[in-house]
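One structure is given below, encoded as structure tokens.
Side-chain atoms are counted along with the backbone in the values below, which use heavy atoms only and exclude waters and symmetry mates. Positions are given from 1, in the same order as the sequence printed here.
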Amino acid sequence: MPENTARTRRCRDCDGFPTVAITTGRRNRDGSRNTTAVTCRACHGTGTMPLRSRTPAGAEVTA
């Protein structure tokens, strides 16, 4: 099986899982848990990030 050495563009904050369901602690009338869907703020729910442009060594990067 070939090894995949390609760089992934996976989001660092959500690790590729952009939407998750979080329980609120409440239960519905049928006994199931009440959940809310939350999307990653860094990638806006896409799960990927753009590749950064390379900067020369020693260059100061300001954010």
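With rounding to the nearest 0.5 Å, the separation of SG in Cys11 from NE2 in His44 is 9.5 Å.
In this structure a side-chain-to-backbone donor-acceptor pair under 3.5 Å is present from Asp30 to Ser32. Between the side chain of Thr24 and the main chain of Asn34, a donor-acceptor pair closer than 3.5 Å is present.
Closest of all the heavy-atom pairs between Thr19 and Ala37 is CG2-CB, 4.3 Å. The two atoms that bring Asn28 and Arg33 nearest to each other are ND2-O, 3.8 Å, heavy atoms only.
In this structure the side chain of Met49 never reaches within 4.5 angstrom of the side chain of Arg9, judged on heavy atoms. Between Thr48 and Arg10, every side-chain heavy-atom pair lies at or beyond the 4.5 Å cut-off. Within the 4.5 Å cutoff, no side-chain heavy atoms of Thr39 are placed close to those of Pro18.
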